[in-house]
Amino acid sequence: MIKITFPDGTSKEYREGITSLEIAGEISPRLAKAVYSATVNGEVRDLTMPLRSDSTLRLNKWEDDEGRHAFWHSSAHLMAEALESLYPGIKFGIGPAIENGFYYDVDPGDGVSITDSDLPAIENKMKELAAMNLTYKRKEVSKAEAMELFTRKGDEYKTELIGELEDGTITLYSNGNFTDLCRGPHLPSTEPIKAIKLTSVAGAYWRGDEKRKMLTRIYGITFPEQKQLKEYLDFLEEAKKRDHRRLGKELELFTFSPKVGLGLPLWLPRGSDVRQNLINYLTSLLRKRGYKIVTTPHIGNVNLYKLSGHFEKYRTSSFQPISTPEEGEQFMLKPMNCPHHCEIYNATPHSYRELPLRMAEFGTVYRYEQSGELHGLTRVRSFTQDDAHHFCRPDQLREEFKSIIDLVLYVFKILNFNDFTAQISLRDPEDKDKYIGSDENWERAEQDIIEAAREKNLKTVVVPGEAAFYGPKLDFMVKDAIGRKWQLGTIQVDYNLPERFDLTYNGSDNQKHRPVLIHRAIFGSLERFVAVLIENTAGKLPLWLSPEKAVILPISEKFNDYASNVLEILNNSDICTLIDDRSEKIGKKIRDNELKRIPYLLVIGEKEAESGTVSVRKQGEGDKGSMKIGDFIAFIRSEISKELAD
RNA sequence: GCCGAUGUAGCUCAGUUGGUCAGAGCAGCUGAUUUGUAAUCUGCAGGUCGGGGGUUCGAAUCCCUUCAUCGGCUCCA
């Protein structure tokens, strides 16, 4: 007998060799139908794997990431089986489960292409195969056997993968006629896969390397119930309505013009107001925290960027240098603010007493992003960073870093960004040539970040290879409407630029010392931040950010005089207000202004004109009753200060 | 930049296999109406069907090319 311990701490004896699926079945037959994988002693396994010794066991259902993962991974194999039967000779790359569903990278062969219009046929084949309830069979093989099998099949992608694996660790999974190199785990059979939807096809470079062949990536998602699929598709439909590109147009926030250029956003008056509100708010926070605001030009001599290392690193992703009438003189549109700020630092001598020096700028920068990467306001070629550089003594670094984490969390809380990921982005240890600076500096900086995050009890994920070329960073990622993650805030530790720019301060020993540089942004860029904000709020911005706080709706033209009085009073009280004096019925005016997401609608008619009041209707919530004009002003002010309160 | 899809009035979309197919709704402008909490009625105006080239007696529709957008990949200081 072996002892199996469950997550709640209870344990029970079972015969040796029992499977997790059988244990689930003993607990209840319904549970057996709802589990998709098992976590045995911390490792995710097939449900059908026999248990040979005392173990901890967790049965993973749909609600568990590990459960869905197995479900979708098995679905990827099911799709592969369908593809192999529909496209004989098709070759397979990799086919993992992802956050929402799965994909498989395939090479259908020269001259054969799989497009959106082919998806229904593949989907139908999958349904047909799933209905056969075929089992997923696991087999351990030697490296030689695996190599032989896939060489015979002519699957050069698989053989490349096998070549990199350790002998003795290789497993194959088969479902129907399809056999794949795979670590697993998988479902016992295709039986639970009831609802299938292939969502899109896309190109994807083999092994993520743009120098290698582009394979066809087919994305799909499956569910145990048809109803769940419908809910998922409905969610995607709803999410489209929150797309900032759509709302930006509808709400007249920003636009793009091909005549101006790709990726160069034009902020309309309403969008500019939102942007300015963000700038004003953050500026007031920065003043309180001892930041100095600076302003620097939009261009800089090309030598500045040669010194910083940016020129070499980003040669092809920058706007090319601007020549002047002078021979041999060249300037660049600034792709970042750091070098300018370093030179501001260098303009005066510094004492250890005045550090940390916090230098901030809403700096507009220009980067020549590849055309295929442009995306609404989230990826543009000109954007304004809420940039700052903290020049500190080494002994101040940790505290300074932590205080910036606090600032990011504070601002995110005010804006209700609760669902973010804090990501520690480190150097890729395999590819050190991508980075500048000594190993010693890198190790020091990476430790600084890891420890600062730990001291703040920040839940983080560590991702190697995501660091900036001059230093590691802590990035704050927030999701858009359909779940794509975007980096907003970032805090970066840099020992390298201070050396390149020969930054110094006088220590208490009257010797020159090297400061450490922290780069940081809270919003990241105003463009991307506004985009994510729009998607998170579905365009219903908080009152303090809203370009207009209210709109006055006179019942009829008879009350236009009183309405314009109210308008004047409110605007003179710094409550930006509009008036809708069209000759329309009140219902129509309410509908139109509700759709424009104006926070408060003020209905005005005979009653209000007589009593000096306004009837207040809150966007999305309906009638709130009437108020004296002065009370409404006080109400709006208190609502705004509530939003901005700690 | 790469793969795939898409591109018809300001917006959302109809326009079967090439032949009154250049349309509708909303927005806009006109008049009428003067309205009490999510769409009043009338009339008008709007597009070289993304651009360019080709096939054809004839192209929004077929072909080529180019640009842009969307979904991914790559990249993201």
Side-chain angles (χ1 to χ4, degrees), chain A residues 103 105 113-119 199-219 240 243 245-246 249-250 252 255-258 262 305 308-311 313-314 316-318 334-339 365 367-376 378-380 383 385 387 425 436 466-471 473 475 482 484 486-487 490 492 494 497 519 521 524-525 528 553-560 581-595 601-608 615-620 622-626:
Chain A
Y103 67 78
D105 284 347
S113 69
I114 299 176
T115 68
D116 296 320
S117 55
D118 300 315
L119 296 183
T199 46
S200 64
V201 291
Y205 298 110
W206 170 233
R207 312 209 82 177
D209 183 345
E210 66 180 322
K211 292 186 188 68
R212 304 198 64 177
K213 185 164 184 174
M214 182 161 263
L215 304 182
T216 303
R217 178 168 295 179
I218 306 175
Y219 285 92
K240 272 193 204 159
D243 189 314
R245 291 165 296 191
R246 174 179 174 149
K249 192 178 276 179
E250 278 177 21
E252 296 177 28
T255 189
F256 289 91
S257 155
L262 297 191
Y305 306 105
S308 68
H310 290 99
F311 182 79
K313 180 80 186 171
Y314 297 106
T316 56
S317 48
S318 303
K334 79 172 164 186
M336 82 296 305
N337 306 297
C338 341
V365 298
R367 296 177 184 176
Y368 192 75
E369 306 288 5
Q370 294 185 59
S371 59
E373 280 146 11
L374 299 173
H375 184 97
T378 49
R379 199 74 188 277
V380 286
F383 56 96
Q385 298 178 311
D387 204 0
S425 303
I436 60 168
E466 287 290 302
F469 77 98
Y470 49 72
K473 49 190 187 142
D475 292 326
I482 64 169
R484 286 177 290 220
W486 296 95
Q487 178 207 307
T490 179
Q492 313 174 355
D494 182 2
L497 286 189
H519 308 247
S525 79
R528 184 177 287 180
L553 313 179
I555 298 274
S556 85
E557 286 167 18
K558 282 187 261 178
F559 312 108
N560 279 357
D581 55 8
R582 293 174 303 164
S583 138
E584 291 289 350
K585 290 170 78 171
I586 193 66
K588 167 79 165 169
K589 294 188 188 183
I590 286 171
R591 178 181 156 79
D592 289 351
N593 288 287
E594 283 272 347
L595 290 175
L601 313 190
L602 305 177
V603 176
I604 276 176
E606 194 173 357
K607 279 183 298 189
E608 291 76 15
S615 271
V616 179
R617 182 188 166 103
K618 187 168 181 187
Q619 199 274 344
D623 197 354
K624 295 286 174 190
S626 65

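Chain letters run A, B, ... following the sequence lines, proteins first, then strands; residues in each count from 1. As a basis for the values below, the full set of heavy atoms in this structure was taken, side chains included, without hydrogen atoms, waters or symmetry mates.
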Q | Between C70(B) (P) and Arg246(A) (CZ): distance, integer Å | A | 14 Å

**Q.** Length of the NZ-P vector between Lys240(A) and U69(B), whole Å
**A.** 19 Å

**Q.** G72(B) pyrimidine/purine six-ring stacking with Tyr219(A), under 5.5 Å and 30°
**A.** no

**Q.** For G4(B), the Watson-Crick or wobble counterpart (both distances under 3.5 Å)
**A.** C70(B)

Q. Any donor-acceptor pair under 3.5 Å joining the side chain of Glu250(A) to the base of G10(B)?
A. no

Q: Between C26(B) and U20(B), how far apart are the P atoms? Round to whole Å, please.
A: 27 Å

Q.
Anti or syn, where syn is a glycosidic angle within 90° of 0; which label fits G43(B)?
A. anti

Q) Could you state the interatomic distance from CD (Glu373(A)) to OG (Ser317(A)), rounded to the nearest 0.5 Å? A) 9.0 Å

Q: Using atom CG of Asp243(A) as one end and atom P of U69(B) as the other, report the distance to the nearest whole Å.
A: 14 Å

Q) Can you check the Asp105(A) CG to G4(B) P distance for me, whole Å? A) 15 Å

Q: Decide yes or no, distance alone: a donor-acceptor N/O pair under 3.5 angstrom between the base of C3(B) and the side-chain of Arg217(A).
A: no

Q) So what does Gly587(A) touch, heavy atoms closer than 4.0 Å: a base, only the sugar-phosphate, or nothing? A) sugar-phosphate

Q | Sugar-phosphate, base or nothing in reach of Tyr470(A), heavy atoms under 4.0 Å | A | sugar-phosphate

Q. Is the shortest side-chain N to carboxylate O distance from Arg245(A) to Asp243(A) below 4.0 Å?
A. yes

Q. In whole Å, what is the span from the NZ atom of Lys589(A) to the C1' atom of U40(B)?
A. 13 Å

**Q.** Pairwise C1' distance, G46(B) and C11(B) [rounded to whole Å]
**A.** 13 Å

Q) Looking only at N and O atoms, is any donor in the side chain of Arg212(A) or the base of C2(B) less than 3.5 Å from an acceptor on the other one? A) no

Q | Any-strand Watson-Crick or G-U partner of A32(B), both distances under 3.5 Å | A | U40(B)

Q: To the nearest Å, give me how far apart CD (Glu466(A)) and C1' (C75(B)) are.
A: 10 Å

Q: Determine the interatomic distance between P on U6(B) and the same-named atom on U61(B); round to the nearest Å.
A: 14 Å

Q | Closest nucleotide among A77(B), G71(B), G36(B) to the Arg245(A) side chain | A | G71(B)

Q. With a non-hydrogen cut-off below 4.0 angstrom, is Ile590(A) in contact with a base, only sugar-phosphate, or nothing?
A. base

Q: Using atom OH of Tyr103(A) as one end and atom P of G71(B) as the other, report the distance to the nearest whole Å.
A: 18 Å

Q: Just compare U74(B), G36(B), G71(B) and give me whichever is closest to any side-chain atom of His375(A).
A: G71(B)

(Q) Let me confirm one number: the OH-CZ distance from Tyr103(A) to Arg217(A), rounded to the nearest 0.5 Å. (A) 3.5 Å

Q) Does a side-chain N or O from Lys558(A) land closer than 4.0 Å to OP1 or OP2 of U35(B), or not? A) yes

Q: Between C76(B), A38(B), U35(B), spot the one nearest the side chain of Lys585(A), thanks.
A: U35(B)

**Q.** Separation between the C1' atoms of A14(B) and G54(B), rounded to whole Å
**A.** 28 Å

Q. In whole Å, what separates the C1' atom of C62(B) from that of G47(B)?
A. 23 Å

Q. So, does Lys588(A) use its side chain to make a donor-acceptor pair with the main chain of Ser583(A) at under 3.5 Å?
A. no

Q. Looking at the side chain of Met214(A), which of G72(B), U69(B), A77(B) is the nearest nucleotide?
A. G72(B)

Q: Decide, yes or no, whether a salt bridge links Arg617(A) with Glu594(A) under the criterion of side-chain N to carboxylate O below 4.0 Å.
A: yes

Q.
Please tell me whether Glu608(A) and Ser626(A) have a donor and an acceptor in their side chains that are separated by less than 3.5 angstrom.
A. no

Q: Kindly point out which of A27(B), G4(B), A77(B) is positioned nearest to the side chain of Lys588(A)?
A: A27(B)

Q: Please check if the side chain of Arg367(A) supplies one atom and the backbone of Pro335(A) the other of a donor-acceptor pair under 3.5 Å.
A: yes

Q.
Regarding Pro335(A), tell me which of base, sugar-phosphate or nothing describes its non-hydrogen contacts under 4.0 Å with the strands shown.
A. base

Q) Expressed as a whole number of Å, how far does the C1' atom of A32(B) sit from that of G15(B)? A) 35 Å

(Q) Measuring from the side chain of Phe469(A) (C-beta onward, heavy atoms only), which nucleotide among A77(B), U35(B), U69(B) has the closest atom? (A) A77(B)

Q: Using the P atom as the reference point in each nucleotide, state the distance between A45(B) and G51(B) in Å, no decimals.
A: 24 Å

(Q) Does Gly605(A) reach a base, just sugar-phosphate, or nothing at all? Heavy atoms under 4.0 Å. (A) base

Q: Select one nucleotide: of U37(B), A77(B), U34(B), the one nearest the side-chain heavy atoms of Arg367(A).
A: A77(B)

Q: Scan Lys607(A) against the nucleic acid and name what it touches under 4.0 Å (heavy atoms): base, sugar-phosphate only, or nothing.
A: base

(Q) Both distances below 3.5 Å, Watson-Crick or wobble geometry, any strand: find the nucleotide opposite C13(B). (A) G23(B)

Q: Have a look at Thr115(A) and say if it touches a base, only the backbone sugar-phosphate, or nothing, with a 4.0 Å heavy-atom cut-off.
A: sugar-phosphate

Q | For atom CG of Leu262(A) and atom P of C67(B), their distance in whole Å | A | 10 Å

Q) Has the side chain of Glu584(A) got a donor or acceptor atom sitting under 3.5 Å from an opposite partner on the base of U35(B)? A) no

Q: For Asp623(A) and for Tyr205(A), locate the closest nucleotide of RNA chain B by heavy-atom distance; then report the residue assigned to the nucleotide nearer the 5' terminus.
A: Tyr205(A)

Q: Classify the ring geometry between His310(A) and Phe469(A) as parallel (under 30°), tilted (30 to 60°) or perpendicular (over 60°).
A: perpendicular

Q: Using only heavy-atom distances, decide whether a donor-acceptor pair under 3.5 angstrom links the side-chain of Ser317(A) to the base of A77(B).
A: yes

Q.
Can you identify which nucleotide, out of C75(B), A32(B), G72(B), has its nearest atom closest to the Arg484(A) side chain?
A. G72(B)

Q: Pick base, sugar-phosphate or nothing for Glu608(A), based on heavy-atom distances below 4.0 Å to the nucleic acid.
A: base

Q: Take atom C1' in C3(B) and the same atom in U48(B), then report the distance between them in whole Å.
A: 33 Å

Q.
Heavy atoms only, 4.0 Å cut-off, all strands: where does Ala202(A) land among base, sugar-phosphate and nothing?
A. base

**Q.** Tyr314(A) ring center within less than 6.0 Å of Tyr305(A) ring center
**A.** no

**Q.** Nearest to side-chain heavy atoms of Gln370(A), which nucleotide of U74(B), G36(B), A77(B)
**A.** U74(B)

Q: Could you check Glu606(A) against Leu215(A) and say which one's nearest nucleotide on RNA chain B is further toward the 5' end?
A: Leu215(A)

Q) Which is true for Ser117(A) with a 4.0 Å heavy-atom rule: it touches a base, it touches only sugar-phosphate, or it touches nothing? A) nothing

Q: Go through the side-chain N and O atoms of Thr115(A) and Ser117(A) and say whether any donor and acceptor fall under 3.5 Å apart.
A: yes

**Q.** Residue Lys473(A), side-chain heavy atoms: nucleotide from G71(B), A77(B), U74(B) that is nearest
**A.** A77(B)

